*Asks:* 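Got a structure for you, written out below as structure tokens; questions coming shortly.
It should be emphasised that the depicted structure is a prediction, and the values quoted were computed from it without experimental measurement. Below, chain A is the first sequence line, B the second, and so on; all start at residue 1.
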Number of protein chains: 2
Amino acid sequence: MEDQSKHRDPEAMAHCPVALSLDVVGTRSTLIIVREAFFGTRRFGDFAERVGIGEAATAARLKDLVASGLMEKVPYQEPGQRKRYEYQLTDKGLGLFHAIMSLRDWGETWLSGSRVTPWRFAHRDCGAEVHTVARCTAGHDVHLDEFTAVRQTERPTAAPDTHN
Amino acid sequence: MEDQSKHRDPEAMAHCPVALSLDVVGTRSTLIIVREAFFGTRRFGDFAERVGIGEAATAARLKDLVASGLMEKVPYQEPGQRKRYEYQLTDKGLGLFHAIMSLRDWGETWLSGSRVTPWRFAHRDCGAEVHTVARCTAGHDVHLDEFTAVRQTERPTAAPDTHN
DNA sequence: CGGCTGACTTTGCTGTGTCATAGCCAGGGC
DNA sequence: GCCCTGGCTATGACACAGCAAAGTCAGCCG
């Protein structure tokens, strides 16, 4: 039955970076917390409030994010207050910028209808809005109908790839 | 109107395209099925086998994907077989290309260690590997430290706070 | 006709994410 | 010393994704 390892390669699946990523940021609230962090939210209470999940869920997600290295707890102290901790994105967390922008672009294009996005990303130098695009290492822009998916196992299932 | 640091706007949250997107593709298996579809997988059994979730979950996810317009059932018939249906990505589903590639890039950079990715996307014309980059509408490449996040909570003129 | 195959559906159970509510704790202010 | 606030932690309930195993169903094939 599952003898046909050519057909099914659990190892390959486990190695798939998309699946690996989704193991870390695969839940709705996790990604929304990261998105909030991109907008400068840093404190526990603000996350809980703005993300719209309860405090228990917020604490659990933030703990996960710190554990997986996307955010870190940084001490801060306001005058007349005791020392507390705020949550900041690490470089690893910042690396999700493209993914979050891509999801935003997709949602804006296909889901939001005529509604106006309540926030946007701007290029710091020129102020113009930022989007994701696909580009090949040779420097060409790659449109949706200009790519080929290549499985690097010996399985030529996918795109009409005659690998020659 | 409100102090931004203490601002809770469920409307704005609901309008957030990232959250909207995650309502549709917010589960691990949904996005992995879409990823599989990018590699040419079309038949029910192949999805179940390659995605690594059971048939019941596969059927449920595919049904969701068809319902939300990311995939469509297309009849096909192999010689000596009866008519069946295969699942194809619609334009809406294809639009997730950037998001999936961004997640792949991130997973590859931060999670996969030294392991080799079992598949890749190539530019059809030149064969070079494809990645996502951020670009502003003025045409500049935008690096991770060159963007500004702007909350548009003040509801710009195009969208008064009432949905009339 | 009856078996086989691909594509599901159904059933029963588990695990996880979330909620609501309540409680705990550290430390500055009174 | 006690209260108050921000930042969690604890508890019980619930919804839903997931699994495994079994059942359904259409139609080609022998």
*Asks:* Among Phe97(B), Trp119(B), Phe39(B), which one satisfies ring-ring contact (aromatic ring centres under 6.0 Å, His included) with Phe147(A)?
*Replies:*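 Filter result, single survivor: Phe97(B).
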*Asks:* Quick one: which of dA20(C), dC8(C), dA7(C) gets closest to the side chain of Ala56(A)?
*Replies:*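 Given the options dA20(C), dC8(C), dA7(C), the side chain of Ala56(A) is closest to dA20(C).
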*Asks:* Does this structure show an ion pair linking Glu36(B) with Arg61(B), if we count only N-O contacts that are shorter than 4.0 Å?
*Replies:*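 Here Glu36(B) does not pair with Arg61(B) in a salt bridge, since their nearest N and O are not under 4.0 Å apart.
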*Asks:* Between atom CZ in Arg43(B) and atom P in dG6(C), what is the gap in whole Å?
*Replies:*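 Going from Arg43(B) (CZ) to dG6(C) (P), I get 8 Å.
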*Asks:* Any heavy-atom pair between the side chains of Asp91(B) and Trp110(A) that's under 4.5 Å?
*Replies:*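 Sidechains of Asp91(B) and Trp110(A): in contact.
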*Asks:* Heavy atoms, side chains only, cut-off 4.5 Å: are His98(B) and His98(A) in contact?
*Replies:*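 No - every pair of side-chain heavy atoms lies 4.5 Å or more apart.
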*Asks:* For DNA chain D, which ranges pair as stems of 3 or more consecutive Watson-Crick or G-U pairs, with both donor-acceptor distances under 3.5 Å?
*Replies:*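 Detected stem regions: C:1-30 with D:1-30.
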*Asks:* So, does the side chain of Arg84(B) form a donor-acceptor pair with the base of dA7(C) at under 3.5 Å?
*Replies:*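 A donor-acceptor contact between them is absent.
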*Asks:* Please report the distance, rounded to the nearest Å, between CD in Gln77(B) and C1' in dG6(C).
*Replies:*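 Going from Gln77(B) (CD) to dG6(C) (C1'), I get 13 Å.
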*Asks:* Report yes or no: do Thr132(B) and Thr132(A) form a side-chain donor-acceptor pair below 3.5 Å?
*Replies:*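 Absent: no donor and acceptor within the cut-off.
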*Asks:* Measure the distance from CZ on Phe44(B) to C1' on dT24(D) and round it to the nearest whole Å.
*Replies:*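 Spelled out: CZ on Phe44(B) to C1' on dT24(D) is 13 Å.
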*Asks:* With nearest nucleotide decided by heavy atoms, which residue, Lys83(A) or Thr30(A), maps closer to the 5′ end of DNA chain C?
*Replies:*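 Its nearest nucleotide being more 5', the pick is Thr30(A).
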*Asks:* Identify whether the distance between the nearest side-chain nitrogen and carboxylate oxygen of Asp145(B) and Arg124(A) falls below 4.0 Å.
*Replies:*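 No, no charged N to carboxylate O under 4.0 Å.
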*Asks:* Any residue in residues 61-76 of chain B with a heavy atom nearer than 4.0 angstrom to DNA chain C? Just list them by number, or reply none.
*Replies:*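 Those residues are Lys63(B), Lys73(B), Tyr76(B).
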*Asks:* Using a heavy-atom cut-off of under 4.0 Å over every strand shown, decide if Tyr87(B) touches base, sugar-phosphate, or nothing.
*Replies:*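 Contact class for Tyr87(B): sugar-phosphate only.
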*Asks:* Thr41(A) and side chain to side chain donor-acceptor pair (under 3.5 Å): which partner among Arg50(A), Glu86(A), Arg35(A)?
*Replies:*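 For Thr41(A), the side chain to side chain donor-acceptor pair (under 3.5 Å) test succeeds with only one of Arg50(A), Glu86(A), Arg35(A), which is Arg50(A).
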*Asks:* Send over the distance from Arg28(B) CZ to dG17(C) P, rounded to a whole Å.
*Replies:*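 One finds 12 Å between P of dG17(C) and CZ of Arg28(B), rounded.
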*Asks:* I want to verify a distance call: between dG18(D), dG17(C), dC8(C), whose nearest atom is closest to the Ile53(B) side chain?
*Replies:*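 Ranking dG18(D), dG17(C), dC8(C) by closest atom to the Ile53(B) side chain puts dG18(D) first.
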*Asks:* Whole angstrom is fine here: how far is it from CG in Leu22(B) over to P in dT18(C)?
*Replies:*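 Computing the Leu22(B):CG to dT18(C):P distance gives 11 Å.
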*Asks:* What's the separation between atom CE in Met71(A) and atom CG in Leu94(A), rounded to the nearest 0.5 Å?
*Replies:*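 So the CE of Met71(A) and the CG of Leu94(A) are separated by 9.5 Å.
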*Asks:* For the side chain of Trp106(B) and the backbone of Lys92(A), is there at least one donor-acceptor N/O pair under 3.5 Å apart?
*Replies:*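 At least one qualifying donor-acceptor pair exists.
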*Asks:* Between dG7(D), dG17(C), dC8(C), spot the one nearest the side chain of Glu55(B), thanks.
*Replies:*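 Side chain of Glu55(B) sits closest to dC8(C).
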*Asks:* State, yes or no, whether a side-chain contact exists between Met101(A) and His131(A) at a heavy-atom distance under 4.5 Å.
*Replies:*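 They are not in side-chain contact.
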*Asks:* Taking the minimum atom-to-atom distance to the side chain of Ser29(B), which one of dG18(D), dC28(D), dG6(D) wins?
*Replies:*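 Nearest nucleotide to the side chain: dG18(D).
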*Asks:* So, is Arg82(A) close to the dG6(D) phosphate, meaning a side-chain N or O under 4.0 Å from OP1 or OP2?
*Replies:*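 So the side chain of Arg82(A) is outside the cut-off, no N or O lying under 4.0 Å from OP1 or OP2 of dG6(D).
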*Asks:* Which listed nucleotide (dC8(D), dC8(C), dA17(D)) is nearest to the side chain of Ala59(B)?
*Replies:*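 Closest nucleotide among those given: dC8(C).
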*Asks:* Separation of Glu49(B) atom CD from dG6(C) atom P, in whole Å?
*Replies:*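 That distance rounds to 11 Å.
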*Asks:* How many whole angstroms separate atom OH of Tyr85(B) from atom C1' of dT9(C)?
*Replies:*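 The answer, rounded to whole Å, is 17 Å.
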*Asks:* If you check the Ala57(A) side chain, which of dC8(C), dT18(C), dG7(D) turns out closest?
*Replies:*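 In terms of side-chain proximity for Ala57(A), the closest of dC8(C), dT18(C), dG7(D) is dT18(C).
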